Trainee: 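Would you mind keeping the following structure in view while I ask a few things?
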Amino acid sequence: MNYIWDLVIRAENAGFKKKDLRFSPAAVYSPYMELSYEDLNTKLIELHIEINPYYRFHSIFHGLLDINASGYEELKRTLFDIVSHLLAEIDVMQGMNKREFYIHFLIKDIESGAYGEEAKKRFFYFQRPEKEIIAINILRLHETGETVYLLKDTINKIFPKSTVYANCNEKDELLIYIGQKETEEAWAKINLILDLFLPVFFHIEIYWQYHFGIIDVEETMQIDRIALY
(Lines give C-alpha, C1' and ligand atoms only; values in the text may rest on other atoms or scores of the structure.)
Protein backbone atom coordinates (compact mmCIF):
# COMPACT_ATOMS: atom_id res chain seq x y z
CA MET A 1 0.00 0.00 0.00
CA ASN A 2 1.35 3.39 -0.99
CA TYR A 3 -1.67 5.60 -1.71
CA ILE A 4 -4.53 6.76 0.51
CA TRP A 5 -7.12 5.40 -1.95
CA ASP A 6 -5.61 1.92 -1.61
CA LEU A 7 -5.75 2.16 2.18
CA VAL A 8 -9.40 3.35 2.18
CA ILE A 9 -10.52 0.51 -0.11
CA ARG A 10 -8.68 -2.12 1.94
CA ALA A 11 -10.10 -0.69 5.18
CA GLU A 12 -13.67 -0.83 3.84
CA ASN A 13 -13.17 -4.40 2.63
CA ALA A 14 -11.94 -5.30 6.12
CA GLY A 15 -15.15 -3.93 7.67
CA PHE A 16 -13.95 -0.51 8.81
CA LYS A 17 -15.76 2.74 8.02
CA LYS A 18 -14.06 5.77 6.53
CA LYS A 19 -14.93 7.81 9.61
CA ASP A 20 -12.87 5.35 11.71
CA LEU A 21 -9.70 6.43 9.89
CA ARG A 22 -7.65 9.36 11.16
CA PHE A 23 -4.97 11.02 9.04
CA SER A 24 -2.03 13.03 10.34
CA PRO A 25 1.17 14.37 8.75
CA ALA A 26 4.15 12.10 9.30
CA ALA A 27 7.08 13.47 11.28
CA VAL A 28 9.47 11.15 9.42
CA TYR A 29 8.67 9.93 5.91
CA SER A 30 10.18 8.82 2.63
CA PRO A 31 10.00 11.31 -0.24
CA TYR A 32 9.08 8.38 -2.52
CA MET A 33 6.02 7.14 -0.63
CA GLU A 34 2.68 8.63 0.41
CA LEU A 35 1.92 6.37 3.36
CA SER A 36 4.44 6.26 6.16
CA TYR A 37 4.87 2.78 7.69
CA GLU A 38 7.73 1.40 9.73
CA ASP A 39 7.25 -1.91 7.91
CA LEU A 40 7.10 -1.14 4.18
CA ASN A 41 5.57 -4.55 3.38
CA THR A 42 2.84 -4.46 6.02
CA LYS A 43 -0.70 -5.50 5.06
CA LEU A 44 -2.23 -4.53 8.39
CA ILE A 45 -4.94 -1.88 8.41
CA GLU A 46 -4.14 0.87 10.90
CA LEU A 47 -6.82 3.38 11.89
CA HIS A 48 -4.31 6.13 12.60
CA ILE A 49 -2.42 6.79 9.39
CA GLU A 50 0.60 9.01 8.98
CA ILE A 51 1.08 10.29 5.45
CA ASN A 52 3.64 12.29 3.51
CA PRO A 53 1.52 15.35 2.67
CA TYR A 54 3.97 16.58 0.03
CA TYR A 55 4.08 13.42 -2.08
CA ARG A 56 1.06 14.47 -4.20
CA PHE A 57 -0.58 17.32 -2.33
CA HIS A 58 2.17 19.87 -1.75
CA SER A 59 0.12 22.72 -3.21
CA ILE A 60 -2.71 21.95 -0.76
CA PHE A 61 -0.79 21.40 2.47
CA HIS A 62 2.34 23.56 2.25
CA GLY A 63 0.58 26.59 3.77
CA LEU A 64 -1.20 24.63 6.50
CA LEU A 65 2.01 22.88 7.57
CA ASP A 66 4.39 25.83 7.25
CA ILE A 67 6.95 25.38 10.05
CA ASN A 68 7.18 29.16 10.42
CA ALA A 69 3.49 29.42 11.33
CA SER A 70 3.02 28.37 14.96
CA GLY A 71 -0.12 28.11 17.08
CA TYR A 72 -3.57 26.55 16.58
CA GLU A 73 -2.03 23.07 16.49
CA GLU A 74 -5.29 21.29 17.35
CA LEU A 75 -7.11 23.16 14.57
CA LYS A 76 -4.36 22.27 12.11
CA ARG A 77 -4.57 18.57 12.99
CA THR A 78 -8.35 18.61 12.58
CA LEU A 79 -8.19 20.44 9.24
CA PHE A 80 -5.50 18.07 8.00
CA ASP A 81 -7.67 15.06 8.84
CA ILE A 82 -10.77 16.56 7.19
CA VAL A 83 -8.93 17.56 4.00
CA SER A 84 -7.21 14.15 3.80
CA HIS A 85 -10.57 12.39 4.04
CA LEU A 86 -11.89 14.56 1.21
CA LEU A 87 -8.84 13.84 -0.94
CA ALA A 88 -9.14 10.11 -0.24
CA GLU A 89 -12.81 10.19 -1.30
CA ILE A 90 -11.93 11.99 -4.55
CA ASP A 91 -9.08 9.52 -5.07
CA VAL A 92 -11.40 6.53 -4.79
CA MET A 93 -14.06 8.06 -7.04
CA GLN A 94 -11.56 8.88 -9.80
CA GLY A 95 -10.75 5.20 -10.20
CA MET A 96 -14.41 4.19 -10.66
CA ASN A 97 -16.21 3.62 -13.93
CA LYS A 98 -19.93 4.20 -14.52
CA ARG A 99 -20.96 0.75 -13.33
CA GLU A 100 -18.93 1.06 -10.13
CA PHE A 101 -20.72 4.33 -9.42
CA TYR A 102 -24.04 2.52 -9.75
CA ILE A 103 -22.83 -0.16 -7.32
CA HIS A 104 -21.63 2.49 -4.88
CA PHE A 105 -24.98 4.33 -4.96
CA LEU A 106 -26.99 1.10 -4.63
CA ILE A 107 -25.08 0.15 -1.49
CA LYS A 108 -25.68 3.64 -0.08
CA ASP A 109 -29.40 3.37 -0.91
CA ILE A 110 -29.80 0.08 0.96
CA GLU A 111 -27.77 1.36 3.92
CA SER A 112 -29.89 4.52 4.10
CA GLY A 113 -33.20 2.59 4.13
CA ALA A 114 -34.32 3.24 0.53
CA TYR A 115 -35.14 -0.49 0.24
CA GLY A 116 -36.95 -0.49 3.59
CA GLU A 117 -35.90 -0.50 7.22
CA GLU A 118 -35.86 -4.31 7.40
CA ALA A 119 -33.45 -4.51 4.46
CA LYS A 120 -31.30 -1.81 6.09
CA LYS A 121 -31.05 -3.83 9.33
CA ARG A 122 -30.23 -7.07 7.52
CA PHE A 123 -27.67 -5.38 5.26
CA PHE A 124 -25.68 -4.52 8.37
CA TYR A 125 -24.57 -8.17 8.65
CA PHE A 126 -22.85 -8.18 5.24
CA GLN A 127 -19.17 -7.37 4.78
CA ARG A 128 -18.16 -4.87 2.08
CA PRO A 129 -17.33 -7.50 -0.61
CA GLU A 130 -20.68 -9.21 0.10
CA LYS A 131 -22.51 -5.89 -0.23
CA GLU A 132 -20.91 -5.42 -3.64
CA ILE A 133 -22.13 -8.90 -4.68
CA ILE A 134 -25.68 -7.91 -3.71
CA ALA A 135 -25.47 -4.57 -5.55
CA ILE A 136 -23.96 -6.11 -8.70
CA ASN A 137 -26.72 -8.70 -8.91
CA ILE A 138 -29.43 -6.10 -8.34
CA LEU A 139 -28.05 -4.26 -11.39
CA ARG A 140 -28.01 -7.51 -13.36
CA LEU A 141 -31.60 -8.17 -12.26
CA HIS A 142 -32.72 -4.84 -13.72
CA GLU A 143 -30.83 -5.60 -16.94
CA THR A 144 -31.84 -9.22 -17.49
CA GLY A 145 -34.81 -10.04 -15.24
CA GLU A 146 -33.25 -13.46 -14.48
CA THR A 147 -34.55 -13.71 -10.91
CA VAL A 148 -34.00 -17.42 -10.22
CA TYR A 149 -30.50 -17.52 -11.73
CA LEU A 150 -29.42 -14.41 -9.80
CA LEU A 151 -30.95 -15.77 -6.60
CA LYS A 152 -28.87 -18.93 -6.96
CA ASP A 153 -25.76 -16.97 -7.92
CA THR A 154 -26.08 -14.64 -4.91
CA ILE A 155 -26.66 -17.47 -2.43
CA ASN A 156 -23.71 -19.46 -3.78
CA LYS A 157 -21.37 -16.46 -3.48
CA ILE A 158 -22.51 -15.42 0.02
CA PHE A 159 -22.65 -19.02 1.32
CA PRO A 160 -19.77 -20.88 -0.41
CA LYS A 161 -20.92 -24.34 0.76
CA SER A 162 -24.50 -23.86 -0.42
CA THR A 163 -26.43 -25.63 -3.19
CA VAL A 164 -29.73 -24.52 -4.69
CA TYR A 165 -32.03 -27.11 -6.30
CA ALA A 166 -34.98 -26.21 -8.54
CA ASN A 167 -38.01 -28.51 -8.43
CA CYS A 168 -40.22 -27.31 -11.27
CA ASN A 169 -41.81 -30.61 -12.32
CA GLU A 170 -44.89 -30.38 -10.09
CA LYS A 171 -44.56 -26.90 -8.60
CA ASP A 172 -42.26 -23.88 -8.62
CA GLU A 173 -40.07 -24.78 -5.66
CA LEU A 174 -36.50 -24.13 -4.62
CA LEU A 175 -34.61 -26.29 -2.14
CA ILE A 176 -31.77 -24.31 -0.57
CA TYR A 177 -28.99 -26.13 1.28
CA ILE A 178 -26.91 -23.53 3.14
CA GLY A 179 -24.12 -25.82 4.38
CA GLN A 180 -23.57 -24.17 7.77
CA LYS A 181 -25.14 -23.84 11.20
CA GLU A 182 -28.30 -21.81 11.58
CA THR A 183 -27.49 -18.42 13.14
CA GLU A 184 -29.13 -15.02 13.46
CA GLU A 185 -26.58 -13.52 11.06
CA ALA A 186 -27.11 -16.25 8.46
CA TRP A 187 -30.90 -15.84 8.70
CA ALA A 188 -30.58 -12.08 8.20
CA LYS A 189 -28.45 -12.63 5.09
CA ILE A 190 -30.64 -15.30 3.48
CA ASN A 191 -33.84 -13.36 4.20
CA LEU A 192 -32.47 -10.23 2.52
CA ILE A 193 -31.38 -12.25 -0.52
CA LEU A 194 -34.83 -13.85 -0.75
CA ASP A 195 -36.57 -10.49 -0.38
CA LEU A 196 -34.51 -9.04 -3.22
CA PHE A 197 -34.42 -11.92 -5.71
CA LEU A 198 -37.09 -14.58 -4.98
CA PRO A 199 -40.02 -14.55 -7.43
CA VAL A 200 -43.32 -14.17 -5.55
CA PHE A 201 -44.83 -17.41 -6.91
CA PHE A 202 -41.94 -19.66 -5.76
CA HIS A 203 -42.05 -21.83 -2.65
CA ILE A 204 -38.78 -22.45 -0.79
CA GLU A 205 -37.40 -24.97 1.69
CA ILE A 206 -34.19 -24.10 3.55
CA TYR A 207 -31.77 -26.71 4.92
CA TRP A 208 -28.93 -25.55 7.12
CA GLN A 209 -26.26 -27.87 8.46
CA TYR A 210 -27.69 -31.16 7.19
CA HIS A 211 -28.51 -31.99 3.58
CA PHE A 212 -31.71 -33.81 2.64
CA GLY A 213 -31.16 -37.37 1.49
CA ILE A 214 -30.61 -38.10 -2.19
CA ILE A 215 -30.64 -41.74 -3.29
CA ASP A 216 -27.29 -42.96 -4.67
CA VAL A 217 -25.48 -39.86 -3.33
CA GLU A 218 -23.58 -41.28 -0.36
CA GLU A 219 -22.60 -37.91 1.13
CA THR A 220 -26.27 -37.05 1.69
CA MET A 221 -27.23 -40.42 3.19
CA GLN A 222 -25.24 -40.34 6.44
CA ILE A 223 -27.04 -41.61 9.55
CA ASP A 224 -28.02 -38.79 11.93
CA ARG A 225 -26.98 -36.23 9.31
CA ILE A 226 -30.01 -36.30 6.99
CA ALA A 227 -32.70 -33.62 6.76
CA LEU A 228 -36.15 -34.78 5.65
CA TYR A 229 -37.78 -33.37 2.55
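Please read all numbers here as calculations on a predicted model, not as lab measurements.
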Trainee: Using 30° and 60° as the class limits, which term best fits the ring planes of His62 and His58: parallel, tilted or perpendicular?
Mentor: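 Geometry flag for His58 against His62: parallel rings.
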Trainee: Which donor-acceptor pairs under 3.5 Å do side chains of residues 79-88 form with protein atoms, sequence neighbours excluded?
Mentor:
{"from": "Asp81", "atom 1": "OD1", "to": "Phe23", "atom 2": "N", "distance (Å)": "2.8"}
{"from": "Asp81", "atom 1": "OD1", "to": "His85", "atom 2": "NE2", "distance (Å)": "3.4"}
{"from": "Ser84", "atom 1": "OG", "to": "Phe80", "atom 2": "O", "distance (Å)": "2.8"}
{"from": "His85", "atom 1": "NE2", "to": "Leu21", "atom 2": "O", "distance (Å)": "2.8"}

Trainee: Could you pull out all residues at least two apart from Ser30 that satisfy side chain to side chain donor-acceptor pair (under 3.5 Å)?
Mentor: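 For Ser30 there are no side chain to side chain donor-acceptor pair (under 3.5 Å) partners, ignoring immediate neighbours.
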Trainee: Less than 4.0 Å between a side-chain N and a carboxylate O, is that true for Lys121 and Glu117?
Mentor: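 Salt bridge flag = no for Lys121 with Glu117.
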Trainee: Ignoring hydrogens, what is the shortest heavy-atom contact between Phe159 and Ser162? Give both atom names and the distance.
Mentor: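 Closest pair (atom of Phe159, atom of Ser162, distance): O-OG, 2.7 Å.
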Trainee: Please list, chain by chain and in numerical order, all residues satisfying side chain to side chain donor-acceptor pair (under 3.5 Å) with Glu12, sequence neighbours excluded.
Mentor: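 Not a single residue meets the side chain to side chain donor-acceptor pair (under 3.5 Å) criterion with Glu12.
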Trainee: Which pairs of donor and acceptor atoms, one on a side chain in residues 100-116, lie under 3.5 Å apart (sequence neighbours left out)?
Mentor:
{"from": "Glu100", "atom 1": "OE1", "to": "Asn97", "atom 2": "N", "distance (Å)": "2.8"}
{"from": "Glu111", "atom 1": "OE2", "to": "Lys131", "atom 2": "NZ", "distance (Å)": "2.7"}
{"from": "Ser112", "atom 1": "OG", "to": "Lys108", "atom 2": "O", "distance (Å)": "3.1"}
{"from": "Ser112", "atom 1": "OG", "to": "Asp109", "atom 2": "O", "distance (Å)": "2.9"}

Trainee: Is Tyr125 isolated, or which residues cluster with it under the ILVMFWY side-chain rule of less than 4.5 Å, directly or via members?
Mentor: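 So far as hydrophobic clustering goes, Tyr125 is joined with none.
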Trainee: Identify the heavy atoms of Leu47 and Ile49 that sit nearest to each other, and give their distance.
Mentor: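 It is O-CD1, 3.4 Å.
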Trainee: Indicate the atoms forming the closest heavy-atom contact of Glu50 with Ala27, along with that distance.
Mentor: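 In terms of heavy atoms, the two residues are closest at OE1-N, 4.4 Å.
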Trainee: Taking side chain as C-beta onward, heavy atoms only, is Ile158 less than 4.5 Å from Phe126?
Mentor: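 Side-chain contact under 4.5 Å: yes.
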Trainee: Report the distance from atom CG of Leu151 to atom CG of Leu174, rounding to the nearest 0.5 Å.
Mentor: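 The CG atom of Leu174 is 6.0 Å from CG of Leu151, to the nearest 0.5 Å.
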Trainee: Test of understanding: with side chain to side chain donor-acceptor pair (under 3.5 Å), list the residues that count as partners of Gln180, not counting sequence neighbours.
Mentor: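 Testing Gln180 for side chain to side chain donor-acceptor pair (under 3.5 Å), a comparison that skips the adjacent residues, returns none.
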Trainee: Excluding sequence neighbours, so at least two apart, what forms side-chain contact (heavy atoms from CB on, under 4.5 Å) with Lys17?
Mentor: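 With neighbours one apart ignored, the set is Lys19, Asp20.
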Trainee: Using the test salt bridge (charged side-chain N to carboxylate O under 4.0 Å, His left out), find all partners of Glu73 that sit at least two apart in sequence or belong to another chain.
Mentor: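 Residues passing salt bridge (charged side-chain N to carboxylate O under 4.0 Å, His left out) with Glu73: Lys76.
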Trainee: Begin with the C-alpha distance, continue with both residues' side-chain angles, and end with the deciding distance and a verdict on side chain to side chain contact (heavy atoms under 4.5 Å, CB included) for Ser24 and His48.
Mentor: CA-CA 8 Å; Ser24 64; His48 179 201; 2.8 Å; yes
Trainee: Give, for atom CG of Leu7 and atom CD of Glu34, the distance between the pair rounded to the nearest 0.5 Å.
Mentor: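 Here the rounded value is 10.0 Å.
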Trainee: Mind checking who shares a hydrophobic cluster with Val28, ILVMFWY linked at side-chain heavy-atom distances under 4.5 Å?
Mentor: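 Same cluster as Val28: nobody, lone residue.
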Trainee: Show which side-chain atoms of residues 133-149 pair as donor or acceptor with protein atoms under 3.5 Å away, not counting sequence neighbours.
Mentor:
{"from": "Asn137", "atom 1": "OD1", "to": "Arg140", "atom 2": "NH1", "distance (Å)": "3.1"}
{"from": "Asn137", "atom 1": "ND2", "to": "Asp153", "atom 2": "OD2", "distance (Å)": "3.0"}
{"from": "Asn137", "atom 1": "ND2", "to": "Thr154", "atom 2": "OG1", "distance (Å)": "2.7"}
{"from": "Glu143", "atom 1": "OE2", "to": "Arg99", "atom 2": "NH1", "distance (Å)": "2.9"}
{"from": "Thr144", "atom 1": "OG1", "to": "Arg140", "atom 2": "O", "distance (Å)": "2.8"}
{"from": "Thr144", "atom 1": "OG1", "to": "Glu146", "atom 2": "N", "distance (Å)": "3.2"}

Trainee: Could you pull out all donor-acceptor pairs under 3.5 Å where a side-chain atom in residues 189-203 meets a protein atom, sequence neighbours excluded?
Mentor:
{"from": "Lys189", "atom 1": "NZ", "to": "Glu130", "atom 2": "OE1", "distance (Å)": "3.1"}
{"from": "Lys189", "atom 1": "NZ", "to": "Glu130", "atom 2": "OE2", "distance (Å)": "3.2"}
{"from": "Lys189", "atom 1": "NZ", "to": "Glu185", "atom 2": "OE2", "distance (Å)": "3.2"}
{"from": "Asn191", "atom 1": "ND2", "to": "Trp187", "atom 2": "O", "distance (Å)": "3.2"}
{"from": "Asp195", "atom 1": "OD2", "to": "Arg122", "atom 2": "NH1", "distance (Å)": "2.5"}
{"from": "His203", "atom 1": "NE2", "to": "Glu205", "atom 2": "OE2", "distance (Å)": "3.0"}

Trainee: Can you tell me how far the NZ atom of Lys18 sits from the CD1 atom of Ile9, to the nearest 0.5 Å?
Mentor: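 Result: 8.5 Å between the selected atoms.
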Trainee: Is it possible for you to say whether Leu65 and Ile60 belong to one hydrophobic cluster, with membership spreading through side-chain heavy-atom contacts below 4.5 Å?
Mentor: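 Cluster IDs for Leu65 and Ile60 match.
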Trainee: Which of parallel (below 30°), tilted (30 to 60°) and perpendicular (above 60°) describes Tyr3 and Trp5?
Mentor: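 The arrangement is parallel - the two ring planes meet at less than 30°.
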Trainee: What residues form a side chain to side chain donor-acceptor pair (under 3.5 Å) with Asn52, not counting sequence neighbours?
Mentor: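 Asn52: no side chain to side chain donor-acceptor pair (under 3.5 Å) contacts found.
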Trainee: Taking a hydrophobic cluster as the set of Ile, Leu, Val, Met, Phe, Trp and Tyr residues connected by side-chain heavy atoms closer than 4.5 Å, whether directly or through intermediates, do Ile4 and Leu64 fall within one such cluster?
Mentor: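 Same cluster.
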